[in-house]
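A quick write-up on the structure given underneath.
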2 protein chains.
Amino acid sequence: MGKQMTEMLKGTLEGIVLALLTGKAAYGYEITTLLRDQGFTDIAEGTVYALLVRIEQKGLVDVEKRPSEKGPPRKVYSLNGQGRQELEEFWRTWSFLAERIAQLHITDHIKGEK
Amino acid sequence: MGKQMTEMLKGTLEGIVLALLTGKAAYGYEITTLLRDQGFTDIAEGTVYALLVRIEQKGLVDVEKRPSEKGPPRKVYSLNGQGRQELEEFWRTWSFLAERIAQLHITDHIKGEK
DNA sequence: TACTAGTAGTTAGTAACACCAAGTAGTTAG
DNA sequence: CTAACTACTTGGTGTTACTAACTACTAGTA
């Protein structure tokens, strides 16, 4: 993946994962494949697991260990109240940034056509 | 500023500054006030200067030192060919990410209304 | 004169985060 | 018994925005 994407994911990947967990608990491996399905094909596995440890330590998710039919036990993560709050905050921050950048994009187009 | 915004700016702030430089050269102090005007009220001055040094070293901008009427000399930055290329790449990366996150936002809304 | 505020840029150190590489461990198919 | 898939862990790296302090020049004011 480009270096730009790597840097851009900082701060957004956490929100993306929290969003994926809305309404549906999931475990790490599952989340990784979900991300790949959504087009984030190059996100490193280790990155996802590290992120999950982090949001667990921040108290944004509840964790339950469940046996798997085909492999080691899974750690199933579900969004809790604090996580939902954090996600809302994420959407606010993201919207703010996205709006301003969209504005810049438009302005650049105008300049480019002059 | 929130910690979320700080992390989110990683990887996007550079693109934002390159976008600001499209069609119009500017110096550091000016860029900082431009950013503040655009709503990024809490971006630290030091951050902008450090970023400018970085994009100069990456060869994305040309620099010209000009005396100022009211203070120390200014370093005026203008986007060069490589910078324009990098900016295009930025828009591609950003669009990709923004689209996917927008999709997630919609999905979350639907889930939330169930 | 000395002091403040505004302008303009620099430097050193910190924290957060995504990355890579390598490893452990369980199951299933050849 | 070996490979491939599932599932998670650990240790170390590079990039980036942050803070805080500093230099330096000008203009206005007490």
Side-chain angles (χ1 to χ4, degrees), chain A residues 1-18 25-36 40-58 60-61 63-77 86 90 93 97, chain B residues 1-18 25-36 40-58 60-61 63-77 86 90 93 97:
Chain A
M1 195 159 25
K3 227 202 298 185
Q4 277 190 343
M5 184 56 92
T6 291
E7 291 308 319
M8 240 181 248
L9 283 173
K10 292 185 181 176
T12 55
L13 186 56
E14 183 177 308
I16 291 170
V17 169
L18 292 179
Y27 55 97
Y29 192 83
E30 189 184 7
I31 292 169
T32 303
T33 61
L34 275 175
L35 286 169
R36 299 212 197 285
F40 299 103
T41 51
D42 296 314
I43 288 183
E45 256 202 286
T47 298
V48 177
Y49 287 114
L51 189 155
L52 291 171
V53 168
R54 211 167 60 230
I55 62 177
E56 179 186 355
Q57 276 165 357
K58 286 208 244 175
L60 308 179
V61 286
V63 188
E64 195 193 342
K65 204 158 219 167
R66 276 189 225 158
S68 161
E69 322 82 52
K70 32 161 93 176
R74 296 163 175 167
K75 283 177 75 177
V76 177
Y77 295 85
E86 181 81 359
F90 168 77
T93 309
L97 186 61
Chain B
M1 194 157 26
K3 227 200 299 184
Q4 277 191 342
M5 184 56 92
T6 291
E7 289 308 318
M8 242 181 244
L9 283 172
K10 292 186 182 174
T12 56
L13 186 55
E14 183 177 309
I16 291 170
V17 169
L18 292 178
Y27 55 97
Y29 192 82
E30 189 184 6
I31 291 170
T32 303
T33 60
L34 275 175
L35 286 170
R36 299 213 198 283
F40 300 102
T41 51
D42 296 314
I43 289 182
E45 258 202 285
T47 298
V48 176
Y49 287 116
L51 189 155
L52 290 171
V53 168
R54 211 167 61 228
I55 63 176
E56 181 187 354
Q57 277 166 355
K58 286 207 246 177
L60 308 179
V61 286
V63 187
E64 195 193 343
K65 204 159 218 165
R66 276 187 225 160
S68 161
E69 323 82 50
K70 32 161 94 176
R74 296 165 174 166
K75 284 178 75 177
V76 178
Y77 296 85
E86 180 81 1
F90 169 78
T93 309
L97 186 61

Is the phosphate of [N] approached by [X] (side-chain N or O, under 4.0 Å from OP1 or OP2)?
X: A:Tyr49; N: D:dT9; answer: no
X: B:Lys75; N: C:dT10; answer: yes
X: B:Tyr27; N: C:dA8; answer: yes
X: B:Ser68; N: C:dT7; answer: no

Among [options], the one nearest [X] by side-chain distance:
X: B:Pro72; options: C:dC19, D:dC18, D:dA24; answer: D:dA24
X: A:Arg54; options: D:dC8, C:dA18, C:dG9; answer: C:dA18
X: A:Val53; options: C:dA8, D:dT9, C:dA18; answer: D:dT9
X: A:Thr6; options: C:dA8, D:dT19, C:dC19; answer: C:dC19

Closest non-hydrogen atom pair, [X] against [Y]:
X: A:Pro73; Y: A:Lys65; answer: CB-CG, 4.2 Å
X: B:Ile43; Y: B:Arg36; answer: O-NH1, 2.9 Å
X: A:Val61; Y: A:Tyr77; answer: CG2-CD2, 3.7 Å
X: B:Glu7; Y: A:Gly11; answer: CB-CA, 3.6 Å
X: B:Val48; Y: B:Gly28; answer: CG1-O, 4.1 Å

Classify A:Glu30 by what it touches in the nucleic acid, base, sugar-phosphate, or nothing, heavy-atom distance under 4.0 Å.
nothing

Just to be sure I understand the rule, does B:Leu52 reach a base, reach only the sugar-phosphate, or reach nothing, if contact means heavy atoms closer than 4.0 Å?
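Contact class for B:Leu52: none.
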
Both atom distances under 3.5 Å, Watson-Crick or G-U wobble: I'd like the secondary structure of DNA chain C as a dot-bracket string, with | for pairs made across strands.
||||||||||||||||||||||||||||||

Nearest-nucleotide 5' precedence on DNA chain C, A:Thr12 against A:Gly71
A:Thr12

Send over the distance from [X] [atom1] to [N] [atom2], rounded to a whole Å.
X: A:Leu51; N: D:dT10; atom1: CG; atom2: C1'; answer: 16 Å
X: A:Glu69; N: D:dC5; atom1: CD; atom2: C1'; answer: 13 Å
X: A:Leu13; N: C:dA16; atom1: CG; atom2: P; answer: 17 Å
X: A:Leu9; N: D:dT15; atom1: CG; atom2: P; answer: 17 Å
X: B:Glu45; N: D:dT16; atom1: CD; atom2: P; answer: 21 Å
X: A:Glu7; N: D:dT16; atom1: CD; atom2: P; answer: 5 Å
X: A:Met5; N: D:dT15; atom1: CE; atom2: P; answer: 19 Å
X: A:Gln4; N: C:dC17; atom1: CD; atom2: C1'; answer: 17 Å

Could A:Glu56 and A:Lys75 be called an ion pair, given the rule that one side-chain N must be under 4.0 Å from one carboxylate O?
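Looking at A:Lys75 together with A:Glu56, the answer is yes, because their closest N to O distance falls below 4.0 Å.
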
Working note: A:Arg54 + A:Leu60, criterion side chain to side chain contact (heavy atoms under 4.5 Å, CB included); need CA distance, chi angles, decisive distance, verdict.
CA-CA 9 Å; A:Arg54 211 167 60 230; A:Leu60 308 179; over 6 Å; no

Determine, step by step, whether A:Glu45 and A:Thr32 satisfy the side-chain hydrogen bond (donor to acceptor under 3.5 Å, both in side chains) criterion, reporting the C-alpha distance in whole Å, the side-chain angles of both residues, the deciding distance to 0.1 Å, and the verdict.
CA-CA 6 Å; A:Glu45 256 202 286; A:Thr32 303; 4.9 Å; no

Reading DNA chain D from 5' onward, which residue's closest nucleotide shows up sooner: B:Gly46 or B:Lys10?
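On the 5' side of the pair lies B:Lys10.
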
